[in-house]
Amino acid sequence: MTDIRIPDSIKPVDGRFGSGPSKVRPEGVESLSAVSRTFLGTSHRQRTVKDQVARLRRGLAEFFAMPEGYEVVLANGGTSAFWEVATFGLVRDRAQFAEFGEFGAKFAKAVKDAPFLAEPTVHRAPGGQAAFLEAEAGIDVYASVHNETSTGVAVPVRRVEGADQGALLLTDATSGGGSLDVDLRETDVYYLAPQKALGSDGGLWMALMSPAAIERAFEIKASGRYIPQFLDLVTAIEQSRLEQTYNTPALATVFLAAEQLDWMNAQGGLSWAVKRSAESAAVIYGWAEKSSYATPFVTDPVLRSAAVATIDFEGVDAAAIAKVLRANDIVDTEPYRKLGRNQLRVALYPTVEPSDVAALTACVDYVAERL
Ligand SMILES: *Cc1c(COP(=O)(O)O)cnc(C)c1O
């Protein structure tokens, strides 16, 4: 089976379609290489590195058209660490979650397990559908996911109408941020990690925080709650203001993310990125709708993500296709394992060329015909 050789003429130029870690632009790696002797292996308390942290924070603010008073906060540990940070530092007592996949579920569990917080409300929807937040008295944090990477469902970022005065909205934008449109005034914390649409490497969390969210962090800290030092949001805010992180960051990750944001801003910023992801989405969903053996997993077209596409297969073994693709250097099209479906999952982040997505569909057809 893995002897199927896909002709070079129909293969994508770049065969990386992973939803995270995702494609890193070779040009970014070359820029990193150019500063390898002056930047890598140097102190994160000195200008050389702090300038890159500053470039990253500026790049994010520009890219997301950050409103007045919002701040870019970052620290180590990726989005998984941020869930713990938010559990300790942003939820006052009661949270409500919209849970429609594995990533949303993980944050909900962190809050549920915290002995100092009340039982959260969780609105759940099965894989491939969306759950939504609803106004509820006593809720001080609402949390949803912009793009659920495990299923390929995306929802708009919108404040909860009728929510208590001062309630915060937290949006997991780890994979949606940079591919999907957003107005940051509609959320208090838009948090992400650099290894998805931002086309860098993993290890950091980054949060664009509203003044109300920053105020909440200081309020909870002042209340005397026990907060592990590494997960202290106030420390992260204060360190970020100084263009540094509490402990040693991955310098390459910082640099590649800053480089990628500069590149995306030069191309036209978020509106350019959103258009490019939408173009890739039109290609892959259009192909699946016409195909005799492939269909978009998300049946409601409104919920179909332009950041990560999930395609179901009938009568053809998707795992076998992914295996042949991998043997031909087209990698990471496997579905999210826990979803357990006969499907492929394809990242449509702005780093990925729409023409490469088109080439991928041709390769899938080529392999399916020969299996
Ligand atoms: C990848 C991902 C995460 C986890 O990010 P880490 O940096 O690996 O912790 C969380 N949420 C979403 C939506 C993701 O796509």
Trainee: Please give me the minimum heavy-atom distance between Leu251 and Gly41, naming the atom from each residue.
Mentor: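 For Leu251 and Gly41, the tightest heavy-atom pair comes out as CD1-N, 4.0 Å.
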Trainee: Test Phe313 against Val364 for side chain to side chain contact (heavy atoms under 4.5 Å, CB included), laying out the working first.
Mentor: CA-CA 11 Å; Phe313 287 74; Val364 171; 3.9 Å; yes
Trainee: Answer with yes or no whether the side chains of Glu136 and Thr121 bring together a donor and an acceptor at under 3.5 Å.
Mentor: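 Yes, a side-chain donor-acceptor pair sits under 3.5 Å.
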Trainee: Under 6.0 Å from the CZ atom of Arg25, do we count more than 12 heavy atoms belonging to anything else shown?
Mentor: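 Check passes, neighbour count above 12.
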Trainee: Got a second to check how far Leu325's CG is from Ile321's CD1, nearest 0.5 Å?
Mentor: 7.0 Å
Trainee: Decide if atom CZ of Arg185 counts as having more than 12 heavy atoms of other residues, nucleotides or ligands within a radius under 6.0 Å.
Mentor: no
Trainee: Is it the case that the side chain of Asp232 and the backbone of Pro228 share a donor-acceptor pair, with hydrogens and angles ignored and the cut-off at 3.5 Å?
Mentor: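 No.
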Trainee: Run through the side-chain heavy atoms of Ile, Leu, Val, Met, Phe, Trp and Tyr, join any pair under 4.5 Å, and report what else lands in Leu133's cluster.
Mentor: Ile139, Tyr142, Val160, Leu169
Trainee: Quick test of your reading of the model: are Arg92 and Glu219 salt-bridged, counting only N-O distances below 4.0 Å?
Mentor: yes
Trainee: What are the two closest heavy atoms between Asn147 and Ala154, and how far apart are they?
Mentor: OD1-CB, 3.9 Å
Trainee: If you draw a 6.0 Å radius around CZ in Arg370, do more than 12 non-hydrogen atoms from other residues or ligands fall strictly inside?
Mentor: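 Buried by this count: over 12 neighbours within 6.0 Å.
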Trainee: Rounded to the nearest 0.5 Å, what separation is found between the OG atom of Ser22 and the CG atom of Leu198?
Mentor: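 Rounded to the nearest 0.5 Å, the OG-CG separation comes out at 8.5 Å.
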Trainee: Please test Leu60 against Met206 for side chain to side chain contact (heavy atoms under 4.5 Å, CB included), starting from the C-alpha separation and ending with a verdict.
Mentor: CA-CA 9 Å; Leu60 283 166; Met206 302 170 293; 3.7 Å; yes
Trainee: Under 4.5 Å between side-chain heavy atoms, counting indirect links through other Ile/Leu/Val/Met/Phe/Trp/Tyr residues: same cluster for Leu74 and Ile227 or not?
Mentor: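 Result: no, two separate clusters.
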Trainee: Any salt bridge between Glu102 and Lys338, counting N to O under 4.0 Å?
Mentor: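 Counted as a salt bridge, because a side-chain N and a carboxylate O are separated by less than 4.0 Å.
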Trainee: Look at the rings of Trp287 and Tyr293 and say which category their plane angle falls in: under 30° parallel, 30 to 60° tilted, over 60° perpendicular.
Mentor: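 Plane angle over 60°, so perpendicular.
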Trainee: So, Glu259 versus Ser31: side-chain donor-acceptor pair below 3.5 Å or not?
Mentor: yes
Trainee: If two hydrophobic side chains count as joined below 4.5 Å and joins carry through other members, does Val346 share a cluster with Ile10?
Mentor: yes
Trainee: Taking the ring of Tyr190 and the ring of Tyr70, is the distance between their centroids below 6.0 Å?
Mentor: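 Ring-ring flag for Tyr70/Tyr190: false, centres at least 6.0 Å apart.
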Trainee: Supply the atom-to-atom distance Lys275 NZ to Ser179 OG, rounded to the nearest 0.5 angstrom.
Mentor: 15.0 Å
Trainee: Which is it for Leu339 and Thr151 under the side chain to side chain contact (heavy atoms under 4.5 Å, CB included) test, yes or no, and what are the steps along the way?
Mentor: CA-CA 7 Å; Leu339 196 59; Thr151 64; 3.9 Å; yes
Trainee: Show the numbers, then the answer: is there a side chain to side chain contact (heavy atoms under 4.5 Å, CB included) between Leu40 and Leu32?
Mentor: CA-CA 8 Å; Leu40 291 179; Leu32 176 63; 4.1 Å; yes
Trainee: Quick one: pull up CD in Glu99 and CZ in Arg124 and give me the separation to the nearest 0.5 Å.
Mentor: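 Glu99 atom CD to Arg124 atom CZ measures 4.5 Å (nearest 0.5 Å).
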Trainee: Sequence neighbours left out, what passes ring-ring contact (aromatic ring centres under 6.0 Å, His included) with Phe103? Give chain and number order.
Mentor: Tyr336
Trainee: Does Ser210 reach the main-chain N or O of Ala213 with its side chain, forming a donor-acceptor pair under 3.5 Å?
Mentor: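 Confirmed, Ser210 side chain pairs with Ala213 backbone.
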Trainee: Check whether any side-chain N or O of Asp164 sits under 3.5 Å from a backbone N or O of Gly138 as a donor-acceptor pair, and report yes or no.
Mentor: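 Confirmed, Asp164 side chain pairs with Gly138 backbone.
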Trainee: Side chains of Thr149 and Ser19: any donor to acceptor distance under 3.5 Å?
Mentor: no
Trainee: Between Asp51 and Arg55, is the salt bridge (charged side-chain N to carboxylate O under 4.0 Å, His left out) condition met? List the steps.
Mentor: CA-CA 6 Å; Asp51 283 351; Arg55 178 161 80 117; over 6 Å; no
Trainee: Between Lys323 and Glu334, is a salt bridge (charged side-chain N to carboxylate O under 4.0 Å, His left out) present by the stated rule, with each step listed?
Mentor: CA-CA 9 Å; Lys323 211 165 164 181; Glu334 291 84 1; over 6 Å; no
Trainee: Taking all non-hydrogen atoms of both residues into account, name the closest pair between Ala307 and Gly176 and its distance.
Mentor: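 Distance-wise, the nearest heavy atoms are CB-CA, 4.4 Å.
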Trainee: Quick one: does Asp140's side chain have a donor or acceptor within less than 3.5 Å of a partner on Ala167's backbone?
Mentor: no
Trainee: Could you check whether Arg304 makes a cation-pi contact with Tyr285, meaning its NZ or CZ is under 6.0 Å from the centre of the six-membered ring and within 45° of the ring axis?
Mentor: yes
Trainee: Is Arg216 positioned over the aromatic face of Phe218, cation under 6.0 angstrom from the ring centre and no more than 45 degrees off axis?
Mentor: no
Trainee: Report yes or no: do Trp263 and Tyr349 belong to one cluster of Ile/Leu/Val/Met/Phe/Trp/Tyr joined by side chain heavy-atom distances under 4.5 Å?
Mentor: no
Trainee: Do Val85 and Leu117 share a hydrophobic cluster (ILVMFWY, side-chain heavy atoms under 4.5 Å, transitive)?
Mentor: yes
Trainee: Look at the aromatic rings of Tyr226 and Phe88 and report parallel, tilted or perpendicular, splitting at 30° and 60°.
Mentor: perpendicular
Trainee: Could you measure the distance from the OG atom of Ser291 to the CG atom of Asp312? Nearest 0.5 Å is fine.
Mentor: 11.5 Å
Trainee: Looking only at non-hydrogen atoms, find the nearest pair between Phe64 and Val182 and report the distance.
Mentor: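 Heavy atoms only, the tightest pair is CD2-CG1, 3.9 Å.
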Trainee: Does any pair with a residue in residues 199-208 pass side-chain hydrogen bond (donor to acceptor under 3.5 Å, both in side chains), and if so which ones, sequence neighbours excluded?
Mentor: none
Trainee: Any chance the side chains of Thr235 and Gln229 put a donor and an acceptor closer than 3.5 Å?
Mentor: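 Result is yes, a qualifying pair exists.
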Trainee: Between Trp272 and Leu348, is there a shared hydrophobic cluster once you connect ILVMFWY residues whose side-chain heavy atoms come closer than 4.5 Å?
Mentor: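 Result: no, two separate clusters.
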Trainee: Indicate the atoms forming the closest heavy-atom contact of Pro335 with Arg341, along with that distance.
Mentor: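 Taking Pro335 first and Arg341 second, the nearest heavy atoms are CG-O, 3.9 Å.
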Trainee: Quick one: do Lys112 and Glu119 satisfy salt bridge (charged side-chain N to carboxylate O under 4.0 Å, His left out)? Show the steps, please.
Mentor: CA-CA 6 Å; Lys112 206 170 155 46; Glu119 184 73 14; 2.5 Å; yes
Trainee: Assign the ring pair Phe107 / Phe97 to parallel, tilted or perpendicular, where the plane angle (0 to 90°) is split at 30° and 60°.
Mentor: perpendicular
Trainee: State whether Arg16 and Asp332 are salt-bridged, where the test is any N-O pair (Lys NZ or Arg NE/NH1/NH2 against Asp/Glu carboxylate O) under 4.0 Å.
Mentor: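 So Arg16 does not pair with Asp332 through a salt bridge.
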Trainee: Heavy-atom count check: over 12 atoms from other residues, nucleotides or ligands less than 6.0 Å from Glu215 CD?
Mentor: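 Not more than 12 within 6.0 Å, no.
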Trainee: Compare every heavy atom of Ala137 with every heavy atom of Arg94, then report the nearest pair and how far apart it is.
Mentor: NH1-O, 4.1 Å
Trainee: Decide whether Glu148 and Ser150 meet the rule of one side-chain donor and one side-chain acceptor closer than 3.5 Å.
Mentor: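 Yes.
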Trainee: Count the heavy atoms of every other residue, nucleotide or ligand shown that sit under 6.0 Å from CZ of Arg37, and state whether that count exceeds 12.
Mentor: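 No, because the 6.0 Å sphere around CZ of Arg37 holds 12 heavy atoms or fewer from other groups.
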Trainee: Salt bridge between Arg57 and Glu243, side-chain N to carboxylate O under 4.0 Å?
Mentor: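 Between Glu243 and Arg57 there is a salt bridge, with a charged N closer than 4.0 Å to a carboxylate O.
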Trainee: Does either side chain, that of Thr42 or that of Thr48, offer a donor lying less than 3.5 Å from an acceptor on the other one?
Mentor: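 On atom types as modelled, these side chains do not qualify, holding no pair under 3.5 Å.
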Trainee: Which distance, rounded to the nearest 0.5 Å, do you find between the OG of Ser271 and the CZ of Phe63?
Mentor: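 Answer rounded to 0.5 Å: 8.5 Å.
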Trainee: Within a radius of less than 6.0 Å around CD of Glu238, do more than 12 heavy atoms belonging to other residues, nucleotides or ligands occur?
Mentor: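 For Glu238, atom CD is crowded (more than 12 foreign heavy atoms under 6.0 Å).
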